[in-house]
Novice: 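This is the structure I have questions about; it appears just below.
Since the structure is predicted, the reported quantities are computational estimates derived from the model, not experimental observations.
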Amino acid sequence: MSNIVWHPHSIDQKSRAQQKGQNPVLLWFTGLSGSGKSTLAGALEHALFDAGFHTYLLDGDNVRHGLCEDLGFSAVDRDENLRRVGEVAKLMVDAGLVVLSAFISPTKEERDRVRALFEAGQFIEVHLSTQLAVCEARDPKGLYKKARAGEIKDFTGISAPYEVPDAAELTIDTDKGDLATQVTAVLDYLAALQIIDASKLKAAG
């Protein structure tokens with residue numbers, strides 16, 4: 001690493017954010033498989049995009065088709081998967097984007113490591129607190145069924161633990177209320193922090 005030097009750019013994060021009319025941030029959706037992370041993050045991105053904000057959604061499955069296709073599902077590989085995602089998200093936030101990510105990220109250590117990459121206020125942890133029984137009943141990918149049958153080892157919530165966040169900025173149970181209400185709750189939070197301009201949401205709505 002001694003021969004590698006960080007090169008600062010004349011166009012900085014503040015300039016990019018001002019151009020886009022928003023404050024860049026990473027929204028980190030965490031929760032059990034089937035808790036609704038991808039669904040809520042996707043709906044939220046649509047709402048932000050329709051209001052004219054600049055966004056990008058990093059989804060757990062999608063990054064394994066390219067960025068992390070060389071990784072498996074061992075503890076070491078899962079940790080590396082999140083490390084890479086965190087670094088990519090950091091670059092996207094530097095580009096002035098509102099970044100959304102949807103990853104189980106079961107341990108506090110993993111989530112805190114990503115949080116540490118960002119300036120204060122630029123990492124927003126959104127815990128989807130949907131109960132295991134609800135997630136398992138949904139089982140959109142059939143993963144719980146396989147885990148119960150012993151076909152998947154170290155499956156979060158069944159044979160591996162999920163550490164509930166103790167200080168998430170937002171907590172949402174997707175078994176309560178509808179998707180539109182849940183999206184609105186996140187948008188209101190972002191507007192209250194002046195990450196996004198509430199007037200643009202009203203214009204779009």
Side-chain angles (χ1 to χ4, degrees), residues 26-49 55-89 92 98-115 123-165 168-186:
L26 170 61
L27 289 156
W28 189 269
F29 291 84
T30 175
L32 296 171
S33 178
S35 61
K37 298 181 298 299
S38 295
T39 299
L40 179 53
L44 178 63
E45 187 186 31
H46 268 290
L48 289 167
F49 182 85
T55 66
Y56 196 85
L57 172 57
L58 291 166
D59 182 77
D61 283 346
N62 290 356
V63 299
R64 284 185 174 273
H65 283 277
L67 177 68
C68 299
E69 66 177 355
D70 59 318
L71 299 176
F73 291 90
S74 68
V76 172
D77 280 359
R78 288 177 180 179
D79 192 61
E80 172 62 13
N81 181 60
L82 293 179
R83 188 196 69 80
R84 293 182 191 181
V85 169
E87 292 291 348
V88 169
M92 289 182 167
V98 173
V99 184
L100 306 91
S101 71
F103 295 85
I104 293 173
S105 48
T107 72
K108 184 177 186 298
E109 181 181 1
E110 291 168 336
R111 299 188 297 265
D112 285 350
R113 189 181 303 124
V114 177
R115 183 187 289 271
F123 180 95
I124 295 175
E125 188 174 48
V126 184
H127 174 218
L128 272 63
S129 62
T130 313
Q131 294 298 305
L132 173 61
V134 175
C135 297
E136 190 167 359
R138 292 173 177 171
D139 204 10
K141 304 174 186 177
L143 299 178
Y144 283 101
K145 184 178 180 180
K146 291 180 179 179
R148 291 291 188 188
E151 297 175 25
I152 301 177
K153 296 181 178 180
D154 299 323
F155 188 79
T156 305
I158 302 299
S159 50
Y162 176 81
E163 297 178 6
V164 175
E169 280 76 11
L170 282 171
T171 299
I172 297 174
D173 183 348
T174 61
D175 193 39
K176 298 178 180 178
D178 58 20
L179 182 59
T181 301
Q182 294 154 10
V183 168
T184 298
V186 183

Novice: Do the charged groups of K108 and E125 touch, with an N to O distance under 4.0 Å?
Specialist: no
Novice: Among T30, N81, D79, T156, which residue satisfies the side chain to side chain donor-acceptor pair (under 3.5 Å) criterion with S105?
Specialist: T30
Novice: How about CD on Q131, more than 12 heavy atoms from neighbouring residues, nucleotides or ligands closer than 6.0 Å, or not?
Specialist: no
Novice: Indicate the atoms forming the closest heavy-atom contact of H65 with E69, along with that distance.
Specialist: O-OE1, 3.5 Å
Novice: State the NE2-NZ distance between H127 and K37, to the nearest 0.5 angstrom.
Specialist: 9.5 Å
Novice: Tell me, with the steps shown, if R148 and D139 meet salt bridge (charged side-chain N to carboxylate O under 4.0 Å, His left out).
Specialist: CA-CA 12 Å; R148 291 291 188 188; D139 204 10; over 6 Å; no
Novice: Could you check whether T39 and R138, counting side-chain N and O atoms only, form a donor-acceptor pair closer than 3.5 Å?
Specialist: no
Novice: Can a donor-acceptor pair be found between the side chains of T55 and E45 at a distance below 3.5 Å?
Specialist: yes
Novice: For residues L71 and R84, report the shortest heavy-atom separation together with the two atoms involved.
Specialist: CD2-NH2, 3.7 Å
Novice: On a heavy-atom basis, which atom in F123 and which in E169 lie closest, and how many Å separate them?
Specialist: O-OE2, 3.7 Å
Novice: Would L67 and L58 count as a side-chain contact (heavy atoms from CB on, under 4.5 Å) if you check the C-alpha gap in whole Å, the side-chain angles of each, and the deciding distance to 0.1 Å?
Specialist: CA-CA 11 Å; L67 177 68; L58 291 166; over 6 Å; no
Novice: With rounding to the nearest 0.5 Å, note down the distance linking CD1 in I158 to CD1 in I152.
Specialist: 10.0 Å
Novice: Which heavy atom of D59 sits nearest to which heavy atom of S38, and what is that distance?
Specialist: OD1-OG, 2.5 Å
Novice: Starting at CG of D175, measure out to OG of S129 and round the result to the nearest 0.5 Å.
Specialist: 9.5 Å
Novice: Write down the atom of L128, the atom of G36, and the distance for their closest heavy-atom approach.
Specialist: CD2-C, 3.3 Å
Novice: So, the side chain of Y144 versus the backbone of L132: is there a donor-acceptor pair under 3.5 Å, distance only?
Specialist: no
Novice: Taking C-beta and beyond as the side chain, do T181 and D178 meet within less than 4.5 Å on heavy atoms?
Specialist: yes
Novice: Start with the C-alpha distance between D61 and K141, add both sets of side-chain angles, then the distance that settles salt bridge (charged side-chain N to carboxylate O under 4.0 Å, His left out), and finish with yes or no.
Specialist: CA-CA 11 Å; D61 283 346; K141 304 174 186 177; 2.7 Å; yes
Novice: Mind checking whether W28 and F103 have parallel, tilted or perpendicular rings, split at 30° and 60°?
Specialist: parallel
Novice: Taking atom CD of E136 and atom CG of L143, what is their separation to the nearest 0.5 Å?
Specialist: 11.0 Å
Novice: Heavy atoms, side chains only, cut-off 4.5 Å: are L26 and V114 in contact?
Specialist: yes
Novice: Supply the atom-to-atom distance N62 CG to L57 CG, rounded to the nearest 0.5 angstrom.
Specialist: 7.5 Å
Novice: Please confirm whether R64 makes a cation-pi placement over F73, using NZ or CZ under 6.0 Å from the six-membered ring centre and within 45° of the ring normal.
Specialist: yes
Novice: Grab the two heavy atoms, one from A47 and one from V183, that are nearest each other, plus how far apart they are.
Specialist: CB-CG1, 4.0 Å
Novice: Check the surroundings of atom OH in Y162: do more than 12 heavy atoms from other residues, nucleotides or ligands lie under 6.0 Å from it?
Specialist: yes
Novice: Side chains of I104 and F155: does their closest heavy-atom pair fall under 4.5 Å?
Specialist: no
Novice: Any chance you could measure Q182, atom CD, to L44, atom CG, to the nearest 0.5 Å?
Specialist: 11.0 Å
Novice: Output, in order, the C-alpha distance, side-chain angles, deciding distance and verdict of side-chain contact (heavy atoms from CB on, under 4.5 Å) for L82 and R113.
Specialist: CA-CA 9 Å; L82 293 179; R113 189 181 303 124; over 6 Å; no
Novice: Should T130 and T174 be marked as a side chain to side chain donor-acceptor pair (under 3.5 Å) after you check the CA-CA gap, both sets of side-chain angles, and the distance that decides it?
Specialist: CA-CA 6 Å; T130 313; T174 61; 2.8 Å; yes
